[in-house]
Amino acid sequence: MTARVVQVLPDVSAIDRVFDYEVIERDDPRVRIGSIVRIDLHGRRVRGWVVAEGAGAAGDVVLKAIAKVSPGHVPADLVDLSSWAAWRWAGKRRSFLATASQPQPVVTFGRGAPKSDDQLRESTPEWARAAFESPQSVVRLGPAIDPWPIVVAAAERGPALVLVPSLARVDLMHRRLREAGIRGVTVGARAGAWVACDGLASVVVVDAHDEVYTEERAPTWNAWRVVAARAARAGVACALTSSTPTVEQLDWGTLVETDRNTERRGWARIEILDRRGDDPRTGLWSSRAVDAIRSAGRTLCILNRTGRAKLAACAKCSTIATCEKCAGAVHQVEAAELICGRCGTTRPTLCLVCGGTKLKLLRVGTARAAEELSALIGAPVAEVTGASAAVPDTKAIVGTEALLHRVGRADLVVFVDLDSELSAPRYQANEEALALLARASRVVRGRFGDGRLLVQTRQPDHPVLLAAAANDPARLTDTDRQMRQDLALPPFAALAQVSGVAAPVFVDGLRGQLGVEVTGPDNHEAFLVRAPNHQTLCDALARVERPIGRLRVSVDPVRA
DNA sequence: CGGACAAGCTGA
DNA sequence: CAGCTTGTCCGG
């Protein structure tokens with residue numbers, strides 16, 4: 001009788017290859033594809049995953065035995081998906097299998113059909129039913145429209161996987177499911193894309209445009225792409241919901257819209273404050289914004305710059321304040337001190353040219369903005385950034401966009417300087433700016449309350465603002481799509497960003513690949529790799545040998 | 001990753 | 001030439 005042999009992928013980051021091991025007890029049912037085992041490898045005992053049955057190209061080496069079978073198991077379909085994901089995001093299988101093996105903060109609530117079928121079906125609107133008519137759909141909902149009916153519709157079809165953008169919303173969703181008596185729904189955040197689901201019948205991704213679905217560290221995989229692939233492999237429907245679907249998502253799936261009025265009610269009234277006529281010395285706050293803040297209730301003022309100022313000049317001689325060591329622009333975090341944004345050198349607030357100690361703050365941050373607003377409205381104004389512990393109870397708060405995630409409800413949201421978002425050097429900048437306005441619309445409860453948004457801008461005719469003011473994201477999609485086509489950007493091309501000390505050697509290898517174009521390095525020493533599609537791009541990235549040394553490959557980079 | 005082993009350096 | 005560091009290789 002021949003020995004039973006399986007292939008094992010070790011859980012060791014530097015080893016991206018499989019090894020053959022013998023299964024001593026041939027019929028051990030615990031050893032199967034996806035089993036988590038311990039193996040002896042090169043003198044130490046490490047964790048690994050059984051990824052295939054039967055011997056690989058082992059040659060005539062003497063095989064070692066699987067030392068131990070650990071608890072836990074990755075279903076075979078996810079083992080297979082991990083190979084695809086490793087190709088798709090130019091990463092190692094190990095990182096995906098590790099995610100799939102983690103105890104995840106997901107909630108699987110029972111099994112079976114919803115409590116009262118008829119009652120639920122009656123309250124299911126047409127658009128929620130339509131979400132599963134096509135195998136791939138994108139349901140566009142006004143920002144303040146609750147996607148819950150889609151979750152109910154998914155549960156009716158059988159075991160469902162639902163992704164939401166944060167752990168807090170996993171809890172919230174779980175509570176609602178329990179209260180509604182709905183069973184058979186697995187809820188997770190980004191890593192939930194890798195959770196086991198028996199008999200999966202449908203997949204829903206809530207707020208699919210949200211960038212938290214993208215892993216920041218390489219491999220830069222994206223949860224909606226993973227569950228979309230997973231659904232396609234399982235032959236089940238996948239529905240994305242979003243107030244502002246991305247061009248890539250609309251390229252992927254069939255758009256499902258609600259009726260125009262329902263969508264409109266989900267968006268807040270948006271007022272554009274055209275500041276082109278204002279004297280630049282007026283400062284950050286237009287008088288119209290100050291009046292609105294005075295008469296409103298809870299107000300959130302969004303400014304995506306922390307500290308007091310990102311750029312300053314001497315009040316006496318107008319010289320831009322720079323670092324004495326590296327000549328980078330210095331930031332003012334606190335009034336008395338300047339910090340170089342590039343090398344971190346600090347010095348007291350002092351002009352290097354004339355010795356002046358008074359500065360004009362040119363690109364004011366949240367700290368200074370809060371001080372100014374407080375003086376203008378004659379009331380205390382708190383400052384909240386991503387690093388802040390608690391949200392204070394002042395009437396007006398100035399903060400970065402983190403504020404929109406931390407405060408559930410407001411009466412007025414003011415975008416102090418949306419122009420800095422609109423001109424951000426990323427091709428997704430428009431989509432992100434519109435998504436920000438959508439998030440603010442949700443915070444003021446769209447047209448369901450009497451909240452509103454105020455946008456200070458010098459670009460009142462910008463497509464983002466026209467789309468937002470019309471409560472019609474499609475208007476931006478059309479212009480953005482054209483721009484992407486003209487500039488050969490996704491979804492009309494596939495991109496990867498390559499950085500790290502080994503990047504120059506690696507991209508040299510890529511230059512010889514058919515259909516692949518390399519540009520760079522940019523000022524961060526990163527190269528951009530472009531191909532007509534992911535097949536070409538990812539095949540090339542997989543084919544070219546990786547040189548030793550640090551190398552980061554970001555497929556579908558966020559900052560490009 | 002981390003153990004093994006070889007090559008290189010140092011001091012007696 | 002022992003004793004140590006540094007570098008390269010490779011795992012079943």
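Basis for what follows: all heavy atoms, side chains included, without hydrogens, waters or symmetry-related copies.
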Trainee: If you walk 5' to 3' along DNA chain B, what is the first nucleotide with an atom under 4.0 Å of a heavy atom in chain A, and what is the last?
Mentor: B/dC1 to B/dG3
Trainee: Rounded to the Å, how far apart are A/Arg17 CZ and C/dC10 P?
Mentor: 10 Å
Trainee: Please lay out, stage by stage, how A/Arg93 and A/Ser83 fare under the test side-chain hydrogen bond (donor to acceptor under 3.5 Å, both in side chains).
Mentor: CA-CA 6 Å; A/Arg93 290 171 82 178; A/Ser83 300; 3.1 Å; yes
Trainee: Could you give the CD1-to-P distance, from A/Ile15 to C/dC9, as a whole number of Å?
Mentor: 16 Å
Trainee: For the pair made of CG in A/Leu63 and P in C/dG12, what is the distance, rounded to whole Å?
Mentor: 10 Å
Trainee: Do the side chains of A/Asp556 and A/Pro490 get nearer than 4.5 Å, heavy atoms only?
Mentor: no
Trainee: Going by an N to O cut-off under 4.0 Å, is there a salt bridge joining A/Asp207 and A/Arg439?
Mentor: no
Trainee: Whole angstrom is fine here: how far is it from CD1 in A/Ile548 over to P in C/dC9?
Mentor: 8 Å
Trainee: For the pair made of CD1 in A/Ile39 and P in C/dG12, what is the distance, rounded to whole Å?
Mentor: 9 Å
Trainee: Within the side chain of A/Asn222, is there an N or O that forms a donor-acceptor pair under 3.5 Å with the backbone of A/Arg225?
Mentor: yes
Trainee: Please give me every residue in residues 42-53 of chain A whose heavy atoms get under 4.0 Å of an atom in DNA chain B, ordered by residue number.
Mentor: A/His42, A/Arg44
Trainee: Taking A/Phe19 as the fixed residue, which of A/Leu41, A/Val61, A/Ile39 is the one that meets the side-chain contact (heavy atoms from CB on, under 4.5 Å) rule?
Mentor: A/Leu41
Trainee: For A/Asp16 and C/dC10, what is the distance between atoms CG and P respectively, to the nearest whole Å?
Mentor: 17 Å
Trainee: With sequence neighbours left out, what residues match A/Trp49 under ring pair (Phe, Tyr, Trp, His ring centres under 6.0 Å)?
Mentor: none
Trainee: Which of parallel (below 30°), tilted (30 to 60°) and perpendicular (above 60°) describes A/Trp89 and A/Phe96?
Mentor: tilted
Trainee: Is there side-chain contact between A/Asp417 and A/Arg363, with at least one heavy-atom pair below 4.5 Å?
Mentor: no
Trainee: Using whole Å, report how far CG of A/Leu9 lies from C1' of C/dG11.
Mentor: 13 Å
